[in-house]
Amino acid sequence: MAKLSLRRVRKRFGEHEVCKGIDLDVAEGEMVCLIGASGSGKSTLLRCMNLLEPIDDGVIWLDGTDISEPGLDPQPVRQQIGIVFQSYNLFPHMTAAENVMLAPRRVRRLSREELRPRVAKLFSRFGLGDRMEHYPDQLSGGQQQRVAIIRALAMEPQIMLFDEITSALDPELVGEVLDVLRDLRKQGMTMVLATHEMGFARELADKICFLDAGRILEQGPPDVLFASPREPRTKAFLSRVL
Amino acid sequence: MSETPLRNNPVEHPASTPTRREVYEAGVRRRSNRIALISTVSVLLAIVVLVPLAPGWEAVQRAFFNGRVFAATFPGLLEAFFLNVMIFAWSAPLIAISGLAIALCRDTRAPALFPLRLFGIAYTDIFRGLPVVLVIYIVGFGIPGLGLPRPWNSPYIWGTLALVLVYSAYVAEVIRSGIDSIHQSQRSAAASLGLSDQDTMRFVVLPQAIRNVVPANMNLFIALQKDVALLSFIGPVEIFRQAGVYKSLYANFTPYVGAALIFLALTIPATRYADYLMNKQNRARS
(Lines give C-alpha, C1' and ligand atoms only; values in the text may rest on other atoms or scores of the structure.)
Protein backbone atom coordinates (compact mmCIF):
# COMPACT_ATOMS: atom_id res chain seq x y z
CA MET A 1 0.00 0.00 0.00
CA ALA A 2 1.22 3.44 -0.85
CA LYS A 3 2.18 5.79 1.95
CA LEU A 4 0.38 8.67 0.27
CA SER A 5 -2.19 8.30 -2.51
CA LEU A 6 -4.01 10.93 -4.50
CA ARG A 7 -6.97 10.19 -6.74
CA ARG A 8 -8.69 12.65 -9.11
CA VAL A 9 -7.51 15.60 -7.01
CA ARG A 10 -8.92 18.90 -8.23
CA LYS A 11 -8.17 22.39 -6.99
CA ARG A 12 -9.38 25.66 -8.37
CA PHE A 13 -8.71 29.28 -7.43
CA GLY A 14 -11.75 31.22 -8.58
CA GLU A 15 -12.19 30.53 -12.28
CA HIS A 16 -8.74 29.06 -12.67
CA GLU A 17 -8.44 25.30 -12.18
CA VAL A 18 -4.87 24.59 -11.07
CA CYS A 19 -5.12 20.82 -10.52
CA LYS A 20 -7.34 19.03 -13.01
CA GLY A 21 -7.62 15.54 -11.60
CA ILE A 22 -4.29 14.32 -10.27
CA ASP A 23 -3.55 10.63 -9.55
CA LEU A 24 -0.32 9.95 -7.70
CA ASP A 25 1.10 7.25 -5.42
CA VAL A 26 4.09 7.76 -3.16
CA ALA A 27 5.48 4.57 -1.59
CA GLU A 28 7.21 4.47 1.79
CA GLY A 29 10.83 5.64 1.50
CA GLU A 30 10.31 6.78 -2.05
CA MET A 31 11.48 10.06 -3.53
CA VAL A 32 9.13 11.55 -6.10
CA CYS A 33 10.06 14.64 -8.13
CA LEU A 34 7.45 16.88 -9.71
CA ILE A 35 8.79 18.74 -12.72
CA GLY A 36 7.13 21.12 -15.14
CA ALA A 37 6.96 24.77 -16.12
CA SER A 38 6.02 27.50 -13.64
CA GLY A 39 2.27 27.55 -13.16
CA SER A 40 1.83 23.89 -14.03
CA GLY A 41 0.43 23.21 -10.55
CA LYS A 42 3.43 21.71 -8.71
CA SER A 43 3.33 24.03 -5.70
CA THR A 44 -0.43 23.88 -5.36
CA LEU A 45 -0.33 20.09 -5.47
CA LEU A 46 2.22 20.03 -2.62
CA ARG A 47 0.16 22.50 -0.58
CA CYS A 48 -2.90 20.28 -1.10
CA MET A 49 -0.99 17.23 0.17
CA ASN A 50 -0.52 18.66 3.65
CA LEU A 51 -3.90 20.39 3.63
CA LEU A 52 -2.62 23.96 3.45
CA GLU A 53 -5.09 24.20 0.57
CA PRO A 54 -8.39 22.30 0.84
CA ILE A 55 -9.01 20.27 -2.33
CA ASP A 56 -12.24 20.78 -4.27
CA ASP A 57 -12.67 17.18 -5.41
CA GLY A 58 -10.92 13.82 -5.22
CA VAL A 59 -9.37 11.91 -2.32
CA ILE A 60 -6.03 11.90 -0.51
CA TRP A 61 -5.08 8.89 1.61
CA LEU A 62 -2.29 8.86 4.16
CA ASP A 63 -1.54 5.27 5.25
CA GLY A 64 -4.98 4.32 3.98
CA THR A 65 -6.80 7.03 5.95
CA ASP A 66 -8.79 9.60 4.01
CA ILE A 67 -7.28 12.93 5.06
CA SER A 68 -9.15 14.99 2.50
CA GLU A 69 -12.55 14.66 4.15
CA PRO A 70 -14.08 18.13 4.43
CA GLY A 71 -14.24 19.33 8.02
CA LEU A 72 -11.39 17.11 9.20
CA ASP A 73 -8.98 18.78 11.64
CA PRO A 74 -5.88 19.41 9.50
CA GLN A 75 -3.42 19.86 12.37
CA PRO A 76 -2.64 16.19 13.15
CA VAL A 77 -2.12 15.56 9.43
CA ARG A 78 0.23 18.50 9.05
CA GLN A 79 2.34 17.16 11.90
CA GLN A 80 2.92 14.02 9.86
CA ILE A 81 3.59 15.77 6.56
CA GLY A 82 6.25 18.46 6.77
CA ILE A 83 6.75 21.08 4.07
CA VAL A 84 9.65 23.37 3.19
CA PHE A 85 8.97 26.46 1.10
CA GLN A 86 10.89 28.21 -1.65
CA SER A 87 11.16 31.42 0.41
CA TYR A 88 12.18 29.62 3.66
CA ASN A 89 9.43 31.41 5.68
CA LEU A 90 11.45 31.35 8.87
CA PHE A 91 10.02 33.41 11.72
CA PRO A 92 12.26 36.50 11.61
CA HIS A 93 11.80 37.49 15.26
CA MET A 94 13.13 34.17 16.61
CA THR A 95 16.59 32.63 16.65
CA ALA A 96 17.20 29.59 14.49
CA ALA A 97 16.86 27.31 17.53
CA GLU A 98 13.61 28.98 18.63
CA ASN A 99 12.23 28.61 15.11
CA VAL A 100 12.89 24.89 15.31
CA MET A 101 11.60 24.40 18.87
CA LEU A 102 8.34 26.40 18.60
CA ALA A 103 6.14 23.68 17.13
CA PRO A 104 7.46 20.79 19.27
CA ARG A 105 7.02 23.00 22.34
CA ARG A 106 3.48 24.12 21.57
CA VAL A 107 2.13 21.06 19.76
CA ARG A 108 4.02 18.20 21.40
CA ARG A 109 4.24 20.04 24.75
CA LEU A 110 7.95 19.32 25.11
CA SER A 111 10.11 21.63 27.22
CA ARG A 112 13.10 23.53 25.88
CA GLU A 113 15.32 21.42 28.12
CA GLU A 114 14.02 18.19 26.59
CA LEU A 115 14.34 19.56 23.07
CA ARG A 116 17.76 21.21 23.27
CA PRO A 117 19.95 18.11 22.84
CA ARG A 118 17.87 16.73 19.99
CA VAL A 119 17.73 20.07 18.20
CA ALA A 120 21.45 20.61 18.69
CA LYS A 121 22.08 17.21 17.12
CA LEU A 122 19.97 18.14 14.08
CA PHE A 123 21.80 21.46 13.69
CA SER A 124 25.22 19.86 13.78
CA ARG A 125 24.12 17.05 11.48
CA PHE A 126 23.33 19.69 8.83
CA GLY A 127 26.48 21.72 9.49
CA LEU A 128 24.80 24.49 11.48
CA GLY A 129 26.05 23.63 14.97
CA ASP A 130 27.36 27.17 15.50
CA ARG A 131 24.31 28.95 14.06
CA MET A 132 21.60 27.99 16.57
CA GLU A 133 21.46 31.37 18.29
CA HIS A 134 21.55 33.41 15.06
CA TYR A 135 18.51 35.25 13.75
CA PRO A 136 17.37 34.42 10.21
CA ASP A 137 18.64 37.72 8.79
CA GLN A 138 22.12 36.87 10.08
CA LEU A 139 22.18 33.67 8.00
CA SER A 140 22.84 33.09 4.31
CA GLY A 141 20.01 31.84 2.09
CA GLY A 142 21.40 28.33 2.12
CA GLN A 143 21.70 28.34 5.90
CA GLN A 144 18.16 29.69 6.28
CA GLN A 145 16.81 26.98 4.04
CA ARG A 146 18.64 24.31 6.05
CA VAL A 147 17.13 25.75 9.24
CA ALA A 148 13.70 25.57 7.58
CA ILE A 149 14.33 21.89 6.80
CA ILE A 150 15.42 21.24 10.39
CA ARG A 151 12.29 23.05 11.62
CA ALA A 152 10.10 20.69 9.60
CA LEU A 153 12.12 17.62 10.64
CA ALA A 154 11.87 18.50 14.33
CA MET A 155 8.18 17.52 14.23
CA GLU A 156 9.37 14.06 13.08
CA PRO A 157 7.10 13.88 10.04
CA GLN A 158 6.64 10.69 8.05
CA ILE A 159 6.67 12.53 4.75
CA MET A 160 8.55 15.66 3.68
CA LEU A 161 7.40 17.96 0.90
CA PHE A 162 9.86 20.38 -0.73
CA ASP A 163 8.52 23.25 -2.80
CA GLU A 164 11.34 24.43 -5.11
CA ILE A 165 13.55 24.91 -2.11
CA THR A 166 16.64 25.85 -4.09
CA SER A 167 14.99 28.28 -6.54
CA ALA A 168 15.59 31.39 -4.41
CA LEU A 169 19.22 30.52 -3.66
CA ASP A 170 22.41 31.83 -5.21
CA PRO A 171 23.88 29.11 -7.42
CA GLU A 172 26.85 28.50 -5.11
CA LEU A 173 24.49 27.81 -2.17
CA VAL A 174 22.32 25.25 -3.98
CA GLY A 175 24.77 22.43 -3.34
CA GLU A 176 24.67 22.62 0.46
CA VAL A 177 20.86 22.34 0.45
CA LEU A 178 20.82 19.47 -2.03
CA ASP A 179 23.34 17.67 0.21
CA VAL A 180 20.74 17.79 2.98
CA LEU A 181 18.22 16.12 0.68
CA ARG A 182 20.77 13.43 -0.23
CA ASP A 183 21.28 12.82 3.46
CA LEU A 184 17.53 12.50 4.06
CA ARG A 185 17.23 10.17 1.09
CA LYS A 186 19.86 7.92 2.63
CA GLN A 187 17.91 7.86 5.90
CA GLY A 188 14.92 6.55 3.96
CA MET A 189 12.67 9.60 4.33
CA THR A 190 9.61 9.60 2.08
CA MET A 191 9.85 12.77 0.01
CA VAL A 192 7.99 14.68 -2.67
CA LEU A 193 9.85 17.53 -4.38
CA ALA A 194 8.78 20.19 -6.79
CA THR A 195 12.06 21.06 -8.44
CA HIS A 196 13.87 22.61 -11.36
CA GLU A 197 17.10 20.79 -10.45
CA MET A 198 16.92 18.22 -13.26
CA GLY A 199 20.36 16.77 -12.62
CA PHE A 200 19.50 16.19 -9.00
CA ALA A 201 16.11 14.67 -9.85
CA ARG A 202 17.71 12.35 -12.35
CA GLU A 203 20.37 11.24 -9.87
CA LEU A 204 18.17 10.51 -6.85
CA ALA A 205 14.47 10.28 -7.68
CA ASP A 206 12.60 6.98 -7.80
CA LYS A 207 9.89 8.53 -9.91
CA ILE A 208 9.55 11.67 -12.00
CA CYS A 209 6.15 13.23 -12.70
CA PHE A 210 5.85 15.78 -15.47
CA LEU A 211 3.05 18.24 -14.76
CA ASP A 212 1.50 20.23 -17.54
CA ALA A 213 -1.46 22.58 -17.12
CA GLY A 214 -2.73 20.90 -13.95
CA ARG A 215 -2.33 17.30 -15.06
CA ILE A 216 0.37 14.67 -14.62
CA LEU A 217 1.06 14.17 -18.29
CA GLU A 218 3.68 11.50 -17.89
CA GLN A 219 5.44 9.70 -15.06
CA GLY A 220 8.12 7.07 -14.70
CA PRO A 221 11.59 6.28 -13.42
CA PRO A 222 14.10 9.03 -14.24
CA ASP A 223 16.21 7.07 -16.71
CA VAL A 224 13.12 6.24 -18.76
CA LEU A 225 11.43 9.63 -18.57
CA PHE A 226 14.54 11.70 -19.21
CA ALA A 227 15.94 9.41 -21.92
CA SER A 228 12.79 8.61 -23.88
CA PRO A 229 9.78 10.72 -23.01
CA ARG A 230 6.58 9.61 -24.75
CA GLU A 231 4.69 12.87 -24.88
CA PRO A 232 5.75 15.67 -27.24
CA ARG A 233 5.14 18.26 -24.49
CA THR A 234 7.45 16.42 -22.12
CA LYS A 235 10.07 16.30 -24.86
CA ALA A 236 9.69 20.02 -25.50
CA PHE A 237 9.98 20.85 -21.79
CA LEU A 238 13.01 18.65 -21.25
CA SER A 239 14.78 20.03 -24.31
CA ARG A 240 14.30 23.53 -22.88
CA VAL A 241 15.64 22.78 -19.40
CA LEU A 242 18.32 20.14 -19.99
CA MET B 1 56.89 50.44 -12.58
CA SER B 2 55.84 53.43 -14.59
CA GLU B 3 55.60 56.92 -13.11
CA THR B 4 52.29 57.68 -14.82
CA PRO B 5 49.76 59.07 -12.35
CA LEU B 6 46.83 56.73 -11.77
CA ARG B 7 44.22 59.47 -11.42
CA ASN B 8 42.00 58.02 -14.10
CA ASN B 9 42.05 54.47 -12.84
CA PRO B 10 39.46 54.11 -10.08
CA VAL B 11 40.48 50.57 -9.17
CA GLU B 12 44.05 51.53 -8.35
CA HIS B 13 42.92 54.54 -6.40
CA PRO B 14 44.00 54.44 -2.72
CA ALA B 15 41.10 54.82 -0.29
CA SER B 16 42.60 57.88 1.43
CA THR B 17 42.35 60.29 -1.51
CA PRO B 18 38.80 61.08 -2.66
CA THR B 19 37.60 60.00 -6.10
CA ARG B 20 36.41 62.55 -8.66
CA ARG B 21 32.84 61.59 -7.81
CA GLU B 22 33.39 62.22 -4.05
CA VAL B 23 35.03 65.61 -4.73
CA TYR B 24 32.08 66.59 -6.92
CA GLU B 25 29.46 65.43 -4.39
CA ALA B 26 31.24 67.19 -1.52
CA GLY B 27 31.13 70.40 -3.58
CA VAL B 28 27.41 70.00 -4.24
CA ARG B 29 26.79 69.36 -0.55
CA ARG B 30 28.76 72.44 0.54
CA ARG B 31 26.87 74.58 -1.93
CA SER B 32 23.37 73.41 -0.83
CA ASN B 33 24.31 73.82 2.86
CA ARG B 34 25.39 77.40 2.12
CA ILE B 35 22.13 78.19 0.34
CA ALA B 36 20.03 76.64 3.14
CA LEU B 37 21.92 78.68 5.76
CA ILE B 38 21.53 81.97 3.89
CA SER B 39 17.81 81.48 3.28
CA THR B 40 17.11 80.46 6.90
CA VAL B 41 19.00 83.45 8.30
CA SER B 42 17.19 85.89 6.01
CA VAL B 43 13.74 84.51 6.94
CA LEU B 44 14.57 84.73 10.67
CA LEU B 45 15.92 88.26 10.24
CA ALA B 46 12.77 89.29 8.41
CA ILE B 47 10.61 87.97 11.27
CA VAL B 48 12.71 89.64 14.00
CA VAL B 49 12.78 92.97 12.16
CA LEU B 50 9.26 93.05 10.68
CA VAL B 51 7.01 91.61 13.42
CA PRO B 52 7.84 94.31 16.03
CA LEU B 53 6.92 96.91 13.37
CA ALA B 54 3.29 95.70 13.50
CA PRO B 55 1.03 98.27 15.20
CA GLY B 56 -0.21 95.87 17.92
CA TRP B 57 3.18 94.38 18.77
CA GLU B 58 3.60 96.25 22.06
CA ALA B 59 0.20 95.03 23.32
CA VAL B 60 0.79 91.45 22.18
CA GLN B 61 4.18 91.39 23.84
CA ARG B 62 2.67 92.59 27.14
CA ALA B 63 -0.22 90.10 26.98
CA PHE B 64 1.62 86.96 25.80
CA PHE B 65 5.30 87.35 26.55
CA ASN B 66 5.32 88.96 29.97
CA GLY B 67 8.47 87.88 31.82
CA ARG B 68 7.15 88.78 35.27
CA VAL B 69 3.92 86.78 34.86
CA PHE B 70 5.85 83.91 33.31
CA ALA B 71 8.20 83.68 36.29
CA ALA B 72 5.30 83.87 38.75
CA THR B 73 3.13 81.19 37.10
CA PHE B 74 5.61 78.71 35.63
CA PRO B 75 6.18 76.65 38.84
CA GLY B 76 2.43 76.34 39.38
CA LEU B 77 1.95 75.25 35.77
CA LEU B 78 4.65 72.61 36.12
CA GLU B 79 2.93 71.30 39.23
CA ALA B 80 -0.40 71.13 37.40
CA PHE B 81 1.32 69.36 34.53
CA PHE B 82 2.15 66.56 36.95
CA LEU B 83 -1.58 65.69 36.90
CA ASN B 84 -1.46 65.42 33.09
CA VAL B 85 1.48 63.07 33.40
CA MET B 86 -0.38 60.98 35.99
CA ILE B 87 -3.52 60.72 33.84
CA PHE B 88 -1.35 59.80 30.87
CA ALA B 89 0.61 57.25 32.88
CA TRP B 90 -2.37 55.27 33.99
CA SER B 91 -4.44 55.56 30.81
CA ALA B 92 -1.62 54.57 28.41
CA PRO B 93 -1.26 50.95 29.61
CA LEU B 94 -5.04 50.54 29.72
CA ILE B 95 -5.25 51.83 26.14
CA ALA B 96 -2.52 49.45 25.00
CA ILE B 97 -4.26 46.45 26.56
CA SER B 98 -7.80 47.22 25.42
CA GLY B 99 -6.58 48.33 21.97
CA LEU B 100 -4.91 44.93 21.56
CA ALA B 101 -8.03 43.13 22.82
CA ILE B 102 -10.26 44.97 20.36
CA ALA B 103 -7.85 44.35 17.47
CA LEU B 104 -7.97 40.62 18.30
CA CYS B 105 -11.79 40.75 18.48
CA ARG B 106 -11.88 42.13 14.95
CA ASP B 107 -9.55 39.40 13.74
CA THR B 108 -11.57 36.42 15.02
CA ARG B 109 -12.79 34.08 12.29
CA ALA B 110 -14.69 31.43 14.26
CA PRO B 111 -18.46 31.72 13.71
CA ALA B 112 -19.17 31.28 17.42
CA LEU B 113 -17.12 34.40 18.08
CA PHE B 114 -18.95 36.48 15.48
CA PRO B 115 -20.52 38.71 18.17
CA LEU B 116 -16.99 39.61 19.31
CA ARG B 117 -16.06 40.54 15.78
CA LEU B 118 -19.18 42.62 15.40
CA PHE B 119 -18.36 44.33 18.69
CA GLY B 120 -14.83 45.10 17.49
CA ILE B 121 -16.09 46.63 14.25
CA ALA B 122 -18.84 48.66 15.95
CA TYR B 123 -16.46 49.83 18.66
CA THR B 124 -13.78 51.14 16.32
CA ASP B 125 -16.34 52.73 14.01
CA ILE B 126 -18.16 54.54 16.82
CA PHE B 127 -15.20 55.81 18.81
CA ARG B 128 -13.18 56.88 15.81
CA GLY B 129 -16.23 58.72 14.54
CA LEU B 130 -16.73 60.90 17.63
CA PRO B 131 -14.83 64.03 18.67
CA VAL B 132 -12.80 63.22 21.78
CA VAL B 133 -14.24 66.17 23.68
CA LEU B 134 -17.78 64.93 23.11
CA VAL B 135 -17.00 61.52 24.58
CA ILE B 136 -15.35 63.24 27.53
CA TYR B 137 -18.49 65.29 28.14
CA ILE B 138 -20.88 62.37 27.77
CA VAL B 139 -18.90 59.90 29.90
CA GLY B 140 -17.42 62.45 32.29
CA PHE B 141 -20.71 64.13 33.15
CA GLY B 142 -23.08 61.26 32.40
CA ILE B 143 -21.70 58.50 34.60
CA PRO B 144 -21.11 60.60 37.75
CA GLY B 145 -24.71 61.77 37.22
CA LEU B 146 -25.86 58.25 38.15
CA GLY B 147 -25.28 59.33 41.73
CA LEU B 148 -22.34 57.05 42.48
CA PRO B 149 -20.71 57.38 45.92
CA ARG B 150 -17.32 59.01 46.36
CA PRO B 151 -14.71 58.46 44.98
CA TRP B 152 -16.61 56.89 42.05
CA ASN B 153 -18.23 60.16 41.05
CA SER B 154 -14.88 61.79 40.27
CA PRO B 155 -14.63 63.37 36.82
CA TYR B 156 -10.95 62.49 37.01
CA ILE B 157 -11.79 58.77 36.75
CA TRP B 158 -14.54 59.02 34.14
CA GLY B 159 -12.74 61.59 32.03
CA THR B 160 -9.76 59.29 31.88
CA LEU B 161 -12.05 56.41 30.96
CA ALA B 162 -13.35 58.52 28.07
CA LEU B 163 -9.78 58.95 26.80
CA VAL B 164 -9.18 55.21 27.15
CA LEU B 165 -12.35 54.44 25.19
CA VAL B 166 -11.46 56.73 22.29
CA TYR B 167 -7.76 55.98 22.04
CA SER B 168 -8.30 52.21 22.30
CA ALA B 169 -10.21 52.42 19.04
CA TYR B 170 -7.29 54.12 17.28
CA VAL B 171 -4.69 51.80 18.78
CA ALA B 172 -6.84 48.80 17.79
CA GLU B 173 -6.89 49.96 14.17
CA VAL B 174 -3.13 50.48 14.15
CA ILE B 175 -2.51 47.02 15.61
CA ARG B 176 -4.92 45.48 13.12
CA SER B 177 -3.03 47.09 10.25
CA GLY B 178 0.12 45.57 11.77
CA ILE B 179 -1.52 42.14 11.84
CA ASP B 180 -2.59 42.54 8.20
CA SER B 181 0.96 43.51 7.25
CA ILE B 182 2.35 40.10 8.23
CA HIS B 183 2.64 38.06 5.06
CA GLN B 184 0.35 35.08 4.59
CA SER B 185 3.41 32.85 4.14
CA GLN B 186 4.21 33.26 7.85
CA ARG B 187 0.80 31.85 8.75
CA SER B 188 1.27 29.06 6.19
CA ALA B 189 4.62 28.16 7.71
CA ALA B 190 3.10 28.06 11.20
CA ALA B 191 0.10 26.04 10.02
CA SER B 192 2.32 23.56 8.18
CA LEU B 193 4.06 22.79 11.48
CA GLY B 194 0.71 21.93 13.07
CA LEU B 195 0.41 25.07 15.20
CA SER B 196 -3.12 26.06 16.18
CA ASP B 197 -4.59 29.38 15.00
CA GLN B 198 -4.26 30.84 18.50
CA ASP B 199 -0.61 29.82 18.80
CA THR B 200 0.08 31.15 15.32
CA MET B 201 -1.36 34.52 16.32
CA ARG B 202 0.39 34.59 19.69
CA PHE B 203 3.86 33.38 18.77
CA VAL B 204 4.24 34.18 15.07
CA VAL B 205 1.96 37.02 13.95
CA LEU B 206 1.52 39.31 16.96
CA PRO B 207 5.18 39.67 17.99
CA GLN B 208 6.04 40.82 14.46
CA ALA B 209 2.90 42.93 14.04
CA ILE B 210 3.38 44.83 17.28
CA ARG B 211 7.02 45.52 16.49
CA ASN B 212 5.97 46.93 13.11
CA VAL B 213 3.46 49.37 14.59
CA VAL B 214 5.54 50.76 17.46
CA PRO B 215 6.24 54.07 15.65
CA ALA B 216 2.60 54.54 14.62
CA ASN B 217 1.47 53.89 18.18
CA MET B 218 4.11 56.30 19.51
CA ASN B 219 2.43 59.02 17.48
CA LEU B 220 -0.94 58.14 18.99
CA PHE B 221 0.46 58.35 22.50
CA ILE B 222 1.95 61.77 21.75
CA ALA B 223 -1.52 62.89 20.64
CA LEU B 224 -2.95 61.39 23.83
CA GLN B 225 -0.53 63.44 25.93
CA LYS B 226 -1.97 66.57 24.37
CA ASP B 227 -5.59 65.44 24.58
CA VAL B 228 -5.29 64.95 28.35
CA ALA B 229 -5.76 68.75 28.40
CA LEU B 230 -9.34 68.21 27.18
CA LEU B 231 -10.22 66.82 30.62
CA SER B 232 -10.03 70.41 31.85
CA PHE B 233 -13.52 70.87 30.39
CA ILE B 234 -15.06 68.58 33.01
CA GLY B 235 -13.11 69.53 36.10
CA PRO B 236 -9.64 68.19 36.88
CA VAL B 237 -7.23 71.10 37.37
CA GLU B 238 -4.54 70.02 34.99
CA ILE B 239 -2.15 72.38 33.25
CA PHE B 240 -4.57 73.90 30.74
CA ARG B 241 -7.16 74.71 33.39
CA GLN B 242 -4.45 75.98 35.74
CA ALA B 243 -3.22 78.29 32.97
CA GLY B 244 -6.79 79.58 32.63
CA VAL B 245 -6.93 80.29 36.35
CA TYR B 246 -3.65 82.24 36.16
CA LYS B 247 -4.88 84.08 33.08
CA SER B 248 -7.87 85.39 35.03
CA LEU B 249 -5.73 86.14 38.06
CA TYR B 250 -3.09 88.17 36.20
CA ALA B 251 -5.34 89.31 33.32
CA ASN B 252 -2.54 88.09 31.04
CA PHE B 253 -2.16 85.33 28.45
CA THR B 254 1.46 84.49 29.26
CA PRO B 255 0.50 81.38 31.33
CA TYR B 256 -0.84 79.80 28.11
CA VAL B 257 2.51 80.36 26.44
CA GLY B 258 4.16 78.78 29.49
CA ALA B 259 1.84 75.77 29.22
CA ALA B 260 2.61 75.48 25.51
CA LEU B 261 6.35 75.42 26.26
CA ILE B 262 5.88 72.68 28.83
CA PHE B 263 3.92 70.55 26.33
CA LEU B 264 6.53 71.07 23.64
CA ALA B 265 9.35 70.13 26.00
CA LEU B 266 7.77 66.70 26.20
CA THR B 267 6.18 66.20 22.78
CA ILE B 268 9.02 67.40 20.55
CA PRO B 269 11.59 64.88 21.82
CA ALA B 270 8.92 62.17 21.71
CA THR B 271 8.00 63.09 18.12
CA ARG B 272 11.65 63.13 17.08
CA TYR B 273 12.11 59.72 18.64
CA ALA B 274 9.03 58.31 16.87
CA ASP B 275 10.33 59.68 13.55
CA TYR B 276 13.71 58.14 14.23
CA LEU B 277 12.08 54.75 14.86
CA MET B 278 9.96 55.10 11.71
CA ASN B 279 12.98 55.95 9.56
CA LYS B 280 14.96 53.09 11.01
CA GLN B 281 12.13 50.72 10.14
CA ASN B 282 11.81 52.06 6.60
CA ARG B 283 15.53 51.61 6.08
CA ALA B 284 15.38 48.06 7.43
CA ARG B 285 12.56 47.23 5.00
CA SER B 286 14.11 48.66 1.85
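Only heavy atoms go into these numbers, but all of them, side chains included; no hydrogens, no water, no symmetry mates. Keep in mind that this is a model prediction, so the values were computed, not measured. Lettering follows sequence order; numbering is per chain, from 1.
A salt bridge is defined here as a Lys NZ or Arg NE, NH1 or NH2 lying under 4.0 Å from an Asp or Glu carboxylate O, and B:E25 with B:R29 fails to meet this definition. Under 4.0 Å is where a charged nitrogen must lie from a carboxylate oxygen, and between B:E173 and B:R106 at least one such pair does. Contact check on A:E30 versus A:R185 returns no salt bridge, with no Lys/Arg side-chain nitrogen under 4.0 Å from an Asp/Glu carboxylate oxygen.
Scanning residues 42-79 of chain A against chain B with a 4.5 Å non-hydrogen threshold yields A:R47, A:N50, A:L52, A:Q75, A:R78, A:Q79, sorted by number. Residue-level contacts of residues 112-128 of chain A with chain B do not occur; threshold 4.5 Å between heavy atoms. Of residues 84-92 of chain A, those residues with a non-hydrogen atom less than 4.5 Å from any non-hydrogen atom of chain B are, in numerical order, A:F85, A:N89, A:L90, A:F91, A:P92.
Between the side chain of A:Q80 and the backbone N or O of A:Q158 there is no donor-acceptor pair closer than 3.5 Å. Of the possible donor and acceptor atoms, one in the side chain of A:R108 sits under 3.5 Å from a partner among the backbone N and O of A:M155. Proximity of a side-chain donor or acceptor of A:E98 to a complementary backbone N or O of A:T95 within less than 3.5 Å is not detected.
The contact between B:R202 and chain A is made entirely by side chain atoms (from C-beta outward), counting heavy-atom distances below 4.5 Å. Heavy atoms of A:I81 lying under 4.5 Å from chain B belong exclusively to its backbone.
A 6.0 Å sphere centred on CZ of B:R31 holds no more than 12 heavy atoms belonging to other residues, nucleotides or ligands.
Rounding to the nearest 0.5 Å places CG of B:D275 at 13.5 Å from NZ of B:K280.
Between A:C33 and A:K207, the closest side-chain pair of non-hydrogen atoms is not below 4.5 Å.
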task: Apply side-chain contact (heavy atoms from CB on, under 4.5 Å) to B:F263 and B:F81, showing your working.
output: CA-CA 9 Å; B:F263 271 111; B:F81 189 63; 3.9 Å; yes
task: Show your working on side-chain contact (heavy atoms from CB on, under 4.5 Å) between A:D179 and A:D183 and close with a plain yes or no.
output: CA-CA 6 Å; A:D179 284 343; A:D183 186 274; over 6 Å; no
field: Full working for side-chain contact (heavy atoms from CB on, under 4.5 Å) between B:L130 and B:V166
entry: CA-CA 8 Å; B:L130 287 171; B:V166 172; 6.0 Å; no
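Ring geometry for B:F221 versus B:F88: interplanar angle over 60°, hence perpendicular rather than tilted (30 to 60°).
With sequence neighbours left out, A:E176 forms a salt bridge (Lys or Arg N to Asp or Glu O under 4.0 Å) with A:R146.
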